[in-house]
Amino acid sequence: MTATIPPNQLASQYDPFSTEARWQAYWEENAVFKADPNHPGEPYCVVIPPPNVTGSLHMGHAFEEAIIDTLVRYHRMKGRNTLWLPGTDHASIAVSALLDVQFKKEGTNRFELGRDQYLERAWQWKEASGGTITNQLRKLGVSVDWSRERFTMDEGMSKAVLETFTRLYDEGLIYRGEYLVNWCPASQSAVSDLEVDQQEVKGHLWYLRYPLSDDSGFIEVATTRPETMLGDTAVAVNPNDQRYRHLIGKTVTLPIMGRQIPIIADEYTDLELGSGAVKITPAHDPNDFEVGKRHNLPFINILNKDGSLNEKAGPFAGQDRFVARKNVIQRLDAEGFLVKVEDHVHNVPYSERGKVPIEPFLSTQWFVKIRPLADRALQELDEHQSPLFVPERWTKVYRDWLVKLEDWCISRQLWWGHQIPAWYAISETEGKITDSTPFVVARSAAEAREKAWAQFGSDVVLEQDPDVLDTWFSSGIWPCSTLGWPEQTQDFSTYYPTTTLVTGFDIIFFWVARMTMMCSHLTGKMPFQTVYIHGLVRDENNQKMSKSKNNGIDPLILIQKYGTDALRYTLVREVVGAGQDIRLEYNRKTDESASVEASRNFANKLWNASRFVLINLDSQILPSPEESSLELSDRWILSRFNRVAQQTNRFMNTYGLGEAAKSLYEFIWGDFCDWYIELVKPRLNGEDQTSRATAQATLYHVLDGILKLLHPYMPHITEEIWHTLTQAGEDKSLALQAYPEAAEKWINPALESQFDLLIETIRTLRNLRADSDIKPSQKITAILKTESEAERETLEAGQRYIRDLARVESLSIQGGSRSLDEKVANTSTEVPTVDPKPESPQQQLPTKLVSPVLIAISALALTVLLLVGSLSLLDVINAVPLLRSFFELVGAGYTAWFGYRYLLFTANRKELSSRVQTFKERVVGERSTESEDSSVTRQEIVDGLGEDLKQTAAGVAGTVQVLIPLAGVVDLRALKGKLQKDITKLEGSVKALEGRLSNQGYVEKAPPEVVQKSRDELAEMRKQVEILQERLAKLE
RNA sequence: GGGCGGUUAGCUCAGCGGUAGAGCGCCUGCCUUACAAGCAGGAUGUCACUGGUUCGAAUCCAGUAUCGCCCACCA
């Protein structure tokens, strides 16, 4: 498995496709993620939110699995005893609907087929296509333990379901009874409250008048479902309603049906609404059901299971509910009972799966008595903050729901699922299951027989309840049943309770709450410590992705285009802490996504950085860098590395996956690639073997750490590179290596800020060069000058770095550091050093007169020193003999001039200028013997060495002055404009700071360190303004 | 009707009391022997609005607007 391609033959573009497939196969074949209960470390267990076995992978899965896998891989590398358990659920209603469609095509239906044949076909279907979703999960690179894969209808889980049902029944927490349920006429089954969606529809409000039975007039009622009047058994008014008080107790004659129904008083009736009187249909409306119970009204069911009206509907029997609605209205209108019709927008409950309006329907069903279970969950929440929700705000949502929760209808009139383990003694009720047929609940048919014999004698005839359980009943025990419960297996004792449940907010009620209620009741322990709730992945228009809108974005298409790591990284980096919805950029015409492409580019960047490291290593295995030989840049990257390791760990421990992903990106690209690799290049090609070896070791060490840090986010590419880098054998996987911990001793903020100054200095130089029209290939000499002791030290410490970078940037840089000044001073006895505070150089530089000769000598000495310094230090210059290098001579000239003008003093310019003239002549002389391009530029520069030579481009970094000669035909006005703009901007900041510091309140009340910081900043900015103004003046 | 979340650069989003940030896009210059899926540099903001608290508010509080989500039995 280990990559054996020589590093210099690695492709310059990363190919995620073959790589990802290879490592996915490797992980699975080698059972890298197989959990071992005996593994040391604190257990870390996640059970997968089981996708529907019918399903195929959508973006929501990709998002969720990416989050889980990142967490799981992280904790595995942290040494936890890790298990991520995969599986699917049987999705009772979804599969039934799917099979119904299939059978309809074949011209049959489930009732014709019969239960056994139906189930046989269902299982065939499951075997054939149930693997789709799990194979797609594999393409995400999920680090699950496939050996522990479960299905909610497999043997063990079915056993757990039986155990749960019988136990809850024995405890009186499951009961059978006749209640109003949500009936889906499409699937012809009851559904739970949660499986009902309210949809706003434009309907009508029909006003009807019911004649009082004593012919003394009418009472007016309004309804949105007029056909239900056929089942009315009362009219209710509010007891405090003066208008109707006298009618209470009287009866009305129900139109069409002709039966007399009472006018009753009930607080439920709203005085303000409609006519103030409301028709009561106890068998077809949840409120009316309650009213009916309170007043002992008859319950008249007018509906069949398929949504048509039954014989209780009189003349409308057999008609579909919506056909009947029209006909009832027509009849009422014809007979003068319809008062008026208004347009009316209202919410209609729809069956989530069946996509048709549900009917409140009176039927006998199985229910879970929810209060004792919900109260227990509430107690866990209130007393033990269990489970802990992340983000915290979901706690309230969860809690509120538990508080108002009502009994849960768990029976479904379907066949695919767990058949309810209740056996009816049908011999007691003439061979039929009726509402009053006695039954026994048992774990098996044999046990049922035993129980029934004891109760009804051995001639009892038993029939199992035909209904199945709500899918969520089995999903509700997923965390315990998948781990072996009710058996006390080693897995169960080790990994239960699980650590974290990761899921979407839409599933808190469906699943999370049911797990907390059921599992805690059954095992005495909450099923997980933490619930991490993520947002939704929205489409490019910020729309929720849904089948009906057909706006889903197929993760597999993006994976094919950019690779799994790229998609995963994109999704995870968008997570950030808050659990917000994320929007995925996507172009439907081209199937492209800019944000996933950016992640793909990041993978490629890492690939190429690694290629660079590999190419530049001598041997594959390197020891850690020798501490004593570490250079500034080495220490800097090590400091940054350890800081980012610290951040990553911190973020991951608080579910800040997005922040962690972003900080890694910035470190890898912005620090490691952009700076460290660049400045290490000269060392790798240089003569200094110690420096070279140190750079190599540091590169190796940091890259190795980067791969480990990034592995949970981009598992495939990191595994690939890591094997090549370390030459680890097949027995090793990066996924099982220890995650880097931050070594605090390497984190050095002072050094990092030193480095920031250097970076800023370089940036200033680059800008100056660009502004001065100096081509990248041209070598120039620049002068850095500072009056701050700290900055001077930084520049000195960074000299090597600056030189290295200068080489890369084709800059040759001379440092105006004290050590050089001292050397200058040592060359002549009386030469003053730099004035530390040249407020305005012209006036404030030392005015003490020194012999012109000495001045000249000093200037020359300085020049030579700098040149010699350059020679010994700069490879650039090695390439060309000293005096043959035209540009360096120019540089030398400039240096001399600068040295004269700014670094030394301004005493006798004339004298020096003659010396400079000498330089000029020599340079010109040299030039005539060499012909190089861009001679115009050179000519100008050379000319510029004389008296009309004044102009330099200047910038500041901190208060370090950066000066370079102007070259070529430069647009002075643009240059000045730029300077002026910088000054204006700075002056604005100065003003703001001055304002703040002159505010007594601020100075007195703000923390001293904040005030001091402001003072320092103000001082620096003022200095910068001065410097820039000075430079501006020089350009005039 | 209750509850929750969002409103910051052209786009997607971080930041959540001390001088406004990233990625993408855009502009300028570069095929520099890790990477053009790249390098260097650059421009861009009444931080939705109005008040308040504070020495200081994008950040905290109150309200408004607006977009979105969840829950809810109103005939």
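Residue numbers begin at 1 in each chain, while the letters A, B, ... track the order of the sequences. Just so you know, these numbers use all the heavy atoms, side chains as well, and skip hydrogens, waters and symmetry mates. Small disclaimer: the values here were computed from a predicted structure and weren't measured.
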Partners passing side chain to side chain donor-acceptor pair (under 3.5 Å) against A:Asn999 (at least two apart in sequence or in another chain):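 Partners of A:Asn999 by the side chain to side chain donor-acceptor pair (under 3.5 Å) criterion come out as none, since no residue qualifies.
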Partner residues of A:Glu994 under the side chain to side chain donor-acceptor pair (under 3.5 Å) criterion, sequence neighbours left out: A:Arg1022
Carboxylate-amine/guanidinium contact A:Lys396 A:Asp400, below 4.0 Å: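 Yes.
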Can you tell whether the side chains of A:Asp591 and A:Lys561 come within less than 4.0 Å, N to carboxylate O? no
OP1 or OP2 of [N] under 4.0 Å from side-chain N/O of [X]:
X	N	result
A:Arg766	B:A40	no
A:Arg583	B:C13	yes
A:Asn347	B:C73	no

In residues 663-671 of chain A, what donor-acceptor pairs under 3.5 Å come from side-chain atoms, sequence neighbours left out?
residue, atom, partner, partner atom, Å
A:Ser663, OG, A:Glu659, O, 3.4
A:Ser663, OG, A:Ala660, O, 3.1
A:Asp671, OD2, A:Arg640, NE, 2.6
A:Asp671, OD2, A:Arg640, NH2, 2.7

List the atom pairs, with distances to 0.1 Å, where a side-chain N or O of residues 275-286 of chain A and a protein N or O form a donor-acceptor pair under 3.5 Å, not counting sequence neighbours.
residue, atom, partner, partner atom, Å
A:Ser275, OG, A:Glu220, O, 2.5
A:Ser275, OG, A:Ala277, N, 3.3
A:Ser275, OG, A:Ala277, O, 3.4
A:Lys279, NZ, A:Thr228, OG1, 2.8
A:Lys279, NZ, A:Asp232, OD1, 3.0
A:Lys279, NZ, A:Thr281, OG1, 3.1
A:Thr281, OG1, A:Asp232, OD1, 2.6
A:His284, ND1, A:Pro360, O, 3.3
A:His284, NE2, A:Asn301, OD1, 3.4
A:His284, NE2, A:Ile302, N, 2.9
A:Asp285, OD1, A:Asn287, N, 2.9
A:Asp285, OD1, A:Asp288, N, 3.1

Residue pair A:Asn238 / A:Tyr268, side-chain donor-acceptor N/O under 3.5 Å: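 No, no side-chain donor-acceptor pair sits under 3.5 Å.
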Within 45° of the six-membered ring axis of A:Tyr1002 and under 6.0 Å from that ring's centre, is NZ or CZ of A:Arg996 located there?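 Judged by the rule (NZ or CZ under 6.0 Å from the ring centre, within 45° of its axis), A:Arg996 counts as positioned above A:Tyr1002.
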Contact letters for nucleotides 32-38 of chain B, in which S counts primed atoms plus P, OP1 and OP2 and B counts the base, heavy atoms under 4.0 Å: --BB-BS
Could you work out, with salt bridge (charged side-chain N to carboxylate O under 4.0 Å, His left out) as the rule, every residue matching [X], not counting sequence neighbours?
X	answer
A:Lys985	none
A:Glu540	A:Arg588
A:Arg538	A:Asp581

Annotated structure of RNA chain B as dot-bracket, pair cut-off 3.5 Å, Watson-Crick or G-U only, | for inter-strand, is ((((((((.[[[[.)..(..]]]].(((((.......))))).....[[[[[..)....]]]]])))))))....
Could you go through nucleotides 4-7 of chain B and list every protein N or O atom that sits under 3.5 Å from one of its N or O atoms, giving the distance for each pair?
residue, atom, partner, partner atom, Å
B:G5, O2', A:Gln580, OE1, 3.1

Test side-chain contact (heavy atoms from CB on, under 4.5 Å) applied to A:Arg650 - qualifying residues, sequence neighbours left out: A:Gln646
Looking across every strand, which nucleic acid part, if any, lies under 4.0 Å from A:Thr223 by heavy atom: base, sugar-phosphate, or nothing? sugar-phosphate
Check the distance between B:A14's P and A:Leu657's CG and give it to me in whole angstrom.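 That distance rounds to 15 Å.
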Please tabulate, one pair per line, each protein N/O and nucleotide N/O from nucleotides 55-57 of chain B that are separated by under 3.5 Å, including the distance.
residue, atom, partner, partner atom, Å
B:C55, OP1, A:Lys1005, NZ, 2.2
B:C55, O2', A:Asn999, ND2, 2.6

